[in-house]
Q: 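I'd like to ask some things about the structure below.
Heavy-atom basis, side chains included; hydrogens, waters and symmetry copies ignored. Note that the numbering runs from 1 along the sequence shown for the chain.
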Amino acid sequence: MDLDLRKLRYFVAVAEHLGFGRAAEALHIAQPVLSRQIRAFEAELKVRLFERSSKGTTLTPAGTQLLADARPLLAQASALLRRVGAADTFTIGFMPGLIVTPAVRVLASRHPGLRVDVLRTTWEDQVEVIHDGRVDVSYVRLPVALDGLCCVPLFTEPRVAVVPATHRLAGKESVLEADLSGERRVQHTDPPGFRSVEEKLEHVAMHGGVAILPLSTAVFYSRDDLVHVPIEDIAPNEVALAWAEHRHTPLIAEFSEIARQG
């Protein structure tokens, strides 16, 4: 049986909204049309996906399982369409502070007809851009969720404490992590969250505290009102190249080798 991705998208919409009216509105189709499509989908699968009652719409066990499987399947289908639309383009993601130009130039020189693009990523989307097809490969800063990814280590780099220029630690040649005890750490996971390195550094400059960054990131974003101090006893940041595990293309293999060679 061929799986109808359109009906699968309709199913996911109903499952997420738990209501045909709200799902139809989100999909910009009429509710009776959506109901017919879902009934047809259930008939094709020979299973009931929803329990409908006066109290509302709920997922059956089969519907719950399908929803769990449908989301990654639709994401892969979307990524496939994105890649087909850019078949003559190879896109490389990279985190702030990382210099990827040398490897990009090598790949471009070997394939004159290939358009090689780069995309700057963040802590929040460095894996997402791989799964949704915005990039073919990406330089990631570990740790990341490795589910569905192939990942090869490239190098490590020390991490530093970024503090205001007037901070008590600003003149130190290096510090220990214990020296940071009691300091408020500004992290990308803090509520409401810092979407970029720039936001994190602005917060440190305005409100104090300390941001712990990879050395190359701190150097890239150097500014007069902040200084960075090496931390002697903290684990280095690991940088790796990652790509979707279901993708095995000659260009990905070639670029992986180029990246490993430095």
Q: For Gly93 versus Thr121, what's the shortest heavy-atom pair and its separation?
A: CA-CG2, 4.3 Å
Q: Measure across Ala244 and Ile130 and return the closest heavy-atom pair with its distance rounded to 0.1 Å.
A: N-CG2, 3.4 Å
Q: Only pairs at least two apart or in different chains count here, so list each side-chain hydrogen bond (donor to acceptor under 3.5 Å, both in side chains) that has a residue in residues 11-25.
A: Glu16-Arg71
Q: Less than 4.0 angstrom from a charged side-chain N to a carboxylate O is my criterion; do Glu202 and Arg223 meet it?
A: yes
Q: Checking the side chain of Thr156 only, and the main-chain atoms of Asn237 only, is there a donor and an acceptor separated by less than 3.5 Å?
A: no
Q: State plainly whether one hydrophobic cluster holds both Leu146 and Val129, where clusters connect Ile, Leu, Val, Met, Phe, Trp and Tyr through side-chain heavy atoms under 4.5 angstrom apart.
A: yes
Q: More than 12 heavy atoms of other residues, nucleotides or ligands under 6.0 Å from CG of Asp69: yes or no?
A: yes
Q: Does any non-hydrogen side-chain atom of Phe255 lie less than 4.5 Å from one of Thr249?
A: no
Q: In the structure I gave you, are the side-chain heavy atoms of Leu251 and Asp136 within less than 4.5 Å of one another anywhere?
A: no
Q: Please give me the minimum heavy-atom distance between Pro96 and Arg120, naming the atom from each residue.
A: CG-NH2, 3.7 Å
Q: Which distance, rounded to the nearest 0.5 Å, do you find between the CG of Leu98 and the CG of Leu154?
A: 9.0 Å
Q: Taking atom CZ of Arg159 and atom CG of Leu215, what is their separation to the nearest 0.5 Å?
A: 12.0 Å
Q: In Å and rounded to the nearest 0.5 Å, what is the CD1 to CD1 distance from Ile252 to Ile92?
A: 10.5 Å
Q: Which heavy atom in Arg141 sits nearest to a heavy atom in Gln126, and how many Å separate them?
A: N-OE1, 2.9 Å
Q: Below 4.5 Å, heavy atoms only, C-beta onward: do Arg184 and His203 meet side chain to side chain?
A: yes
Q: Answer with yes or no whether the hydrophobic clustering places Leu169 together with Val186; edges join I, L, V, M, F, W, Y residues whose side-chain heavy atoms lie under 4.5 Å apart.
A: no
Q: When rounded to the nearest 0.5 angstrom, what is the spacing between CG in Leu149 and NE2 in His246?
A: 10.0 Å
Q: Please examine the side chains of Val14 and Phe41, heavy atoms only from C-beta on, and report whether any two atoms are closer than 4.5 Å.
A: no
Q: Is it true that Glu42 and Arg52 have a side-chain N and a carboxylate O under 4.0 angstrom from each other?
A: yes
Q: Counting only N and O atoms by type, is there a donor-acceptor contact under 3.5 Å from the side chain of Thr60 to the main-chain atoms of Arg48?
A: yes
Q: Would you give the length of the straight line joining atom NE2 of His111 to atom CG of Asp88, rounded to the nearest 0.5 angstrom?
A: 13.5 Å
Q: Tell me every residue that passes ring pair (Phe, Tyr, Trp, His ring centres under 6.0 Å) with Phe11, counting only those two or more places apart in sequence or in another chain.
A: Phe50
Q: Which donor-acceptor pairs under 3.5 Å do the side chains of residues 28-36 make with protein atoms, sequence neighbours left out?
A:
| from | atom 1 | to | atom 2 | distance (Å) |
| --- | --- | --- | --- | --- |
| Ser35 | OG | Gln31 | O | 3.2 |

Q: Looking at Val162 and Val204, what are the two nearest heavy atoms and their distance?
A: O-CG1, 3.9 Å
Q: With sequence neighbours left out, what residues match Asp233 under side chain to side chain donor-acceptor pair (under 3.5 Å)?
A: none
Q: Applying side-chain contact (heavy atoms from CB on, under 4.5 Å), can you list everything that pairs with Val227, at least two apart in sequence or on another chain?
A: Val163, Ala165, Ala170
Q: Could you give me the CA-CA distance, side-chain angles and deciding distance for Leu213 and Lys200, then say whether side chain to side chain contact (heavy atoms under 4.5 Å, CB included) is met?
A: CA-CA 10 Å; Leu213 297 177; Lys200 189 183 299 187; 4.0 Å; yes
Q: Could I get the full list of side chain to side chain donor-acceptor pair (under 3.5 Å) partners for Glu245, not counting sequence neighbours?
A: none
Q: Is there a donor-acceptor pair closer than 3.5 Å between any side-chain N or O of Ser138 and the backbone N or O of Val140?
A: no
Q: What heavy-atom pair brings Ala218 and Val160 nearest, and what distance separates the two atoms?
A: CB-CG2, 3.6 Å
Q: Same cluster for Val229 and Leu201 if Ile/Leu/Val/Met/Phe/Trp/Tyr side chains link at under 4.5 Å?
A: no
Q: Hydrophobic clustering (ILVMFWY, side-chain heavy atoms < 4.5 Å, transitive) - are Phe220 and Ile231 grouped together?
A: no
Q: Any chance you could measure Leu119, atom CG, to Asp125, atom CG, to the nearest 0.5 Å?
A: 7.0 Å
Q: Report whether Ile234 and Phe155 are members of the same hydrophobic cluster (ILVMFWY, side-chain heavy atoms less than 4.5 Å apart, transitive linking).
A: no
Q: Decide yes or no for Leu8 and Leu66: does some side-chain heavy atom of the first lie under 4.5 Å from some side-chain heavy atom of the second?
A: yes
Q: Decide whether Ser256 and Arg260 meet the rule of one side-chain donor and one side-chain acceptor closer than 3.5 Å.
A: yes
Q: Going through the distances and angles, do Lys172 and Glu232 end up as a salt bridge (Lys or Arg N to Asp or Glu O under 4.0 Å)?
A: CA-CA 12 Å; Lys172 299 283 188 180; Glu232 293 183 14; over 6 Å; no
Q: Can Glu183 and Arg168 be counted as an ion pair, charged N to O under 4.0 angstrom?
A: yes
Q: Is a side-chain donor or acceptor of Glu157 paired with a backbone partner of Ser216 at a separation under 3.5 angstrom?
A: yes
Q: Please assess Tyr10 against Ile38 for the test side chain to side chain contact (heavy atoms under 4.5 Å, CB included), listing each intermediate value before the final yes or no.
A: CA-CA 7 Å; Tyr10 288 171; Ile38 294 299; 4.1 Å; yes
Q: Take Val219 and His228 through the side chain to side chain contact (heavy atoms under 4.5 Å, CB included) test and state the conclusion after the steps.
A: CA-CA 8 Å; Val219 170; His228 61 268; 4.1 Å; yes
Q: Side chain to side chain contact (heavy atoms under 4.5 Å, CB included) for Arg110 and Ile258? Distances and angles first, verdict last.
A: CA-CA 11 Å; Arg110 293 181 183 180; Ile258 292 170; 3.7 Å; yes
